[in-house]
Amino acid sequence: MLKIYNSLTRDKQEFVPIVPGEVRMYVCGMTVYDYCHLGHARVLVVFDIVQRWLRASGLKVCYVRNITDIDDKIIRRAAENGETIGELTARFIRCMDEDAAALGVARPDHEPRATDYVPQMLRLIRRLEENGLAYRAAAGDVNFSVRRFPGYGKLSGKSLDDLRAGERVDIDSAKEDPLDFVLWKSAREGEPSWASPWGDGRPGWHIECSAMSSELLGAHFDIHGGGQDLQFPHHENEIAQSEGAHGCRFVNYWMHNGFVRVDEEKMSKSLGNFFTIREILRRYDAEVLRFFILRAHYRSPLNYSDAHLDDARHALTRLYTALKALPVAAAAEVDWSEPHAARFAAAMNDDFNTPEACAVLFDLAAEVNRSQSAPLACQLRALAGLLGLLGREPQDFLQASPARDGETTAETIEALIAERAAAKKRRDFTEADRIRSGLLAAGVILEDSANGTSWRRA
RNA sequence: GGCGCGAUAGCAAAGCGGUUAUGCACCGGAUUGCAAAUCCGUGUAGGUGGGUUCGACUCCCGCUCGCGCCUCCA
């Protein structure tokens, strides 16, 4: 029985899909004006896991992750670069796809781009206007009136009065209430715009997600996810727009993943303390990064440092080492009657407790090492596969060198191992040890066994 | 100022009102020509002050500290 922590009610709830056997899920994706950073990696991986586990549980999943390809930053960045908005967004969408693929993130069922859904946004704004929730402001913008939507603040747990007390935004005289937000921005010189009943303009950020989600998943769907920072105001505003327009409940379960931190501080573009995914992947294996993310619970903060990634790499090495000596089919099936699988499922069903699920993998690895049982090794690989881990040949992982310069090549290593084997055969241990310590200095660890010598990168 | 989250061993990170979390690191042993890997074993916890309880890391209250949201943000 799957339980999900619902940000709306602030407790773990049994997951009951609207349509039995089916799940409709929407996650706020990227605004594509720059490379994805580690924070983006976390959303990608976290909701990839959600999606995978729902499918593994036998549910039919429709997963939508949008792309925001029109907004102030995109316009500004394109102008700075002297390229068109289309060129800029196409470039960074390609980069995002590469990063996601490297991290083993499966493609969502739909990846709608905001600019393809402007007609749906206009219809939504029209309905909000008809329902008395939207008004035309002086500057030609169309705004949403938060005061006229009962229950505004229910997701973020804020009341309009509390919010106003801490108001930090410059008062915009065109707004009836400082917390009102823009649905349609009137066109400015030199910016892209679309025709609308309210004049030429472009959509506000929040309306994009309401339009894309209802178009692809319907007015009422099961799960909506995103980073914690989107809870307010973005998701709060989505609720106001969608429920205000459709007159029905919007989302049943709200999921928010925790932040990635650097030195105990939120990683964000505005703070400038971010690491891009591709930057990290130059130095660390992508699977190590994925494992690093999954070793923490998705709602906890995740502190980034090289030391933590090194730790993750050593831990993952233990799992691959357990698989190394045994014949394991690539597409192993989980044996759900086996005890570790039951523990694994219980962990995942408890609000996607991947750290606990990983602990089960380590227990299973110890069992594999003790028993040298091929079926158990298959089980280990199959369970890890549900997390998108251990999908490679153990040698590929253990001997991988993530693009470090001056690495000793596999050929050289193999040749030295052969030399050392010869030295050992004539019981010249001084020479054998000399070769071994030479390789160790070059970051290569040798392991002798009954079947000969194998090697891995330190 | 308002609202919320958290504090677990050297580092990272879970569950749980009483019984080994897990990984890395560390220590002892087995194994090895010596190592590495692996196995066996030991140790190192629960911010602080109270309360509830036969019993609390786990529940409740206070305090301290940290983090986040209240502006674009995953």
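This one's a predicted model, so the numbers in the text were calculated from it and none came from an experiment. Side-chain atoms are counted along with the backbone in the values below, which use heavy atoms only and exclude waters and symmetry mates. Chain letters run A, B, ... following the sequence lines, proteins first, then strands; residues in each count from 1.
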Have a look at [X] and say if it touches a base, only the backbone sugar-phosphate, or nothing, with a 4.0 Å heavy-atom cut-off.
| X | value |
| --- | --- |
| A:Arg370 | sugar-phosphate |
| A:Ser270 | base |
| A:His297 | sugar-phosphate |
| A:Ser454 | nothing |
| A:Gly29 | sugar-phosphate |
| A:Gly39 | base |
| A:Leu230 | sugar-phosphate |

ask   = Would you write out the dot-bracket form of RNA chain B, 5' to 3', with Watson-Crick and G-U pairs under 3.5 Å, [ ] for crossing pairs, | for pairs to other strands and . for unpaired bases?
value = (((((((..(((.....[...)))..((((.......)))).....(((((..]....))))))))))))....
task = Using the closest heavy atom to pick a nucleotide of RNA chain B for each, name whichever of A:Lys266 or A:Lys269 lands nearer the 5' end.
result =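 Comparing both residues, the 5'-ward one is A:Lys266.
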inquiry  = Can you work out whether A:Glu265 or A:Asn353 has the more 5'-proximal nearest nucleotide on RNA chain B?
reply    = A:Asn353
Rounded to whole Å, please give me the gap between [atom1] in [X] and [atom2] in [N].
| X | N | atom1 | atom2 | answer |
| --- | --- | --- | --- | --- |
| A:Arg261 | B:G68 | CZ | P | 7 Å |
| A:Arg299 | B:G6 | CZ | P | 8 Å |
| A:Leu271 | B:C69 | CG | C1' | 13 Å |
| A:Ile417 | B:A37 | CD1 | C1' | 14 Å |
| A:His224 | B:A74 | NE2 | P | 13 Å |
| A:Lys154 | B:C3 | NZ | P | 21 Å |
| A:Asn451 | B:U38 | CG | P | 16 Å |
| A:Glu367 | B:U38 | CD | C1' | 14 Å |

Would you indicate which nucleotide in [options] comes nearest to any side-chain atom of [X]?
| X | options | result |
| --- | --- | --- |
| A:Phe259 | B:A14, B:C69, B:G4 | B:C69 |
| A:Asn369 | B:A14, B:A74, B:C39 | B:C39 |
| A:Met267 | B:A74, B:A37, B:C69 | B:A74 |
| A:Pro233 | B:U71, B:A37, B:A74 | B:U71 |

query = Got a donor-acceptor pair under 3.5 Å from the side chain of A:Lys158 to the base of B:C70?
reply = no
Are the charged groups of [X] and [Y] less than 4.0 angstrom apart, N to O?
| X | Y | answer |
| --- | --- | --- |
| A:Arg434 | A:Glu431 | yes |
| A:Arg436 | A:Asp433 | yes |
| A:Arg148 | A:Glu176 | yes |
| A:Glu208 | A:Arg202 | no |
| A:Arg147 | A:Asp177 | yes |
| A:Arg76 | A:Asp72 | no |
| A:Lys185 | A:Glu191 | no |
| A:Arg283 | A:Asp306 | yes |
| A:Glu98 | A:Arg278 | yes |

Phosphate OP1/OP2 of B:U38: any A:Lys324 side-chain N/O under 4.0 Å =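 A:Lys324 to B:U38 OP1/OP2: no side-chain N or O under 4.0 Å.
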ask   = Below 4.0 angstrom from OP1 or OP2 of B:A74, is there any side-chain N or O of A:Thr68?
value =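 So the side chain of A:Thr68 is outside the cut-off, no N or O lying under 4.0 Å from OP1 or OP2 of B:A74.
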Using the [atom1] atoms only, state how far [M] lies from [N], rounded to an integer number of Å.
| N | M | atom1 | value |
| --- | --- | --- | --- |
| B:U53 | B:C60 | C1' | 12 Å |
| B:G43 | B:U20 | C1' | 13 Å |
| B:A35 | B:G28 | P | 12 Å |
| B:C65 | B:G47 | C1' | 8 Å |
| B:A37 | B:G46 | C1' | 33 Å |
| B:U48 | B:G66 | C1' | 15 Å |
| B:G15 | B:U8 | P | 14 Å |
| B:C57 | B:U19 | C1' | 15 Å |

task = Step through it carefully: locate the ring centre of A:Tyr33, locate the ring centre of A:Phe92, and say whether they are under 6.0 Å apart.
result = no
inquiry  = Using 30° and 60° as the class boundaries, would you call the ring planes of A:Phe15 and A:Tyr253 parallel, tilted or perpendicular?
reply    = tilted
ask   = Looking at residues at least two apart in the chain, or sitting in another chain, which of them share a salt bridge (charged side-chain N to carboxylate O under 4.0 Å, His left out) with A:Arg42?
value = none
remark   = 5' to 3', nucleotides 18-34 of chain B under a 4.0 Å protein heavy-atom cut-off (B base, S sugar-phosphate only, - none) gives ---BSBS--------BB
